[in-house]
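Working notes for the structure below.
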2 protein chains.
Amino acid sequence: MERTAQNIDYTEDAAQTARFAKALSHPVRLTILKYLNNQSCCFTTDLVGVLPMAQSTISQHLKELKEAGLIQGTIDPPKIKYCINKENWLKAQALFERIFKKDFSKIDCC
Amino acid sequence: MERTAQNIDYTEDAAQTARFAKALSHPVRLTILKYLNNQSCCFTTDLVGVLPMAQSTISQHLKELKEAGLIQGTIDPPKIKYCINKENWLKAQALFERIFKKDFSKIDCC
DNA sequence: AATATTAATCGTATATTTGCGATGAACTTA
DNA sequence: TAAGTTCATCGCAAATATACGATTAATATT
């Protein structure tokens, strides 16, 4: 097998952390998460009212957050109620904590 | 002014958090940061030896981490020594903590 | 001075992301 | 049943990200 970037096997933690980070890497998605975190839950309608973007764009961001596992939607016809996916949220929290948890006492070289 | 996505003024925190998250959103960059965090510092050479990718690609990832402020390079001719940018690292840590710090006691709706 | 090492940058190809308007499916309400 | 609401998806355009090899500038070594 050729030794190129295509064939790297990252640790599952690194891959998962990268996926979560990617989901958090857009200000609109951070705004949505903050909103959900404050409101417990909300409907897409609410977000469309708050965010100055097309409904389709917001729907796309919601899809990404859902696919990353950070939120979940429950059907409440004809609306969909979104909320934080608690389990994965805590998982993400743990992974980000792990990134930053290191001791800096030894880092005095720069 | 037209009310489109182009004209949104995100809070500085959201924008900064998104920039940090973007820097963390690739497994190679997470690997580099982990390496730096363990080793205190390292040279590009070291990373090229460890990561199975072209030197130019690694250099590009280093540039992104540097532009996000998470690492810094000091010239040590003919090499460049990279290490974590402690100040911004702690800033990033604080911002990510802030994302996840919420109380979940009220989130029982889903 | 000539050669080697280091690491950034350029040029290029391909993939992904972001945004919008338009459409459509599912469900409600009149 | 007809009209309205909700929200996902499609199709498209533009921007950004990712990777590579080749080149270049700076410095070190012979």
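Chain identifiers are assigned alphabetically (A, B, ...) following the order of the sequence lines, protein sequences preceding nucleic acid strands; residue numbering begins at 1 within each chain. Basis for what follows: all heavy atoms, side chains included, without hydrogens, waters or symmetry-related copies. Fair warning: this is a prediction, and the values are worked out from it, not measured in the lab.
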Which part of the nucleic acid does [X] contact within heavy-atom distance under 4.0 Å: base, sugar-phosphate only, or nothing?
| X | value |
| --- | --- |
| Thr45(A) | sugar-phosphate |
| Gln60(A) | base |
| Ser59(A) | base |

Strictly below 4.0 Å: does His61(A) bring a side-chain N or O up to OP1 or OP2 of dG19(C)?
yes

Would you say a side-chain N or O of Tyr82(A) is under 4.0 Å from OP1 or OP2 of dA8(D)?
yes

Tell me whether the rings of Phe96(A) and Phe96(B) are parallel (<30°), tilted (30 to 60°) or perpendicular (>60°).
parallel

Suppose we screen for side-chain contact (heavy atoms from CB on, under 4.5 Å). Which residues come up paired with Ser56(B), at least two apart in sequence or across chains?
Ala54(B)

Lys79(B) vs Arg29(A), nearer the 5' end of DNA chain C by closest nucleotide:
Lys79(B)

By nearest-nucleotide position on DNA chain C, the 5'-leaning member of Lys63(B) and His26(A) is Lys63(B)

Could you give the [atom1]-to-[atom2] distance, from [X] to [N], as a whole number of Å?
| X | N | atom1 | atom2 | answer |
| --- | --- | --- | --- | --- |
| Ile58(B) | dC20(D) | CD1 | P | 9 Å |
| Leu47(A) | dT5(D) | CG | P | 19 Å |
| Glu64(A) | dA8(D) | CD | C1' | 14 Å |
| Lys81(A) | dT6(D) | NZ | C1' | 16 Å |
| Leu51(B) | dA7(C) | CG | P | 14 Å |
| Leu65(B) | dA7(C) | CG | P | 16 Å |
| Lys22(A) | dT16(C) | NZ | C1' | 7 Å |
| Ile80(B) | dT9(C) | CD1 | C1' | 12 Å |

Please check if Leu70(A) and Tyr35(A) belong to a single hydrophobic cluster, counting links between Ile, Leu, Val, Met, Phe, Trp and Tyr side chain heavy atoms closer than 4.5 Å.
yes

Annotated protein contacts, base or backbone, on nucleotides 21-30 of chain D with a non-hydrogen cut-off under 4.0 Å, one of B, S, - each
BB----SS--

Tell me whether Arg19(B) is salt-bridged to Glu12(B), with the criterion being a basic N under 4.0 Å from an acidic carboxylate O.
yes

Working to the nearest 0.5 Å, report the span between NE2 of His26(A) and NZ of Lys22(B).
8.0 Å

If you look at every heavy atom in Ile99(B) and Trp89(A), which pair is closest and at what distance?
O-CZ2, 3.5 Å

Is the shortest heavy-atom distance from the side chain of Leu47(A) to the side chain of Thr31(A) under 4.5 Å?
no

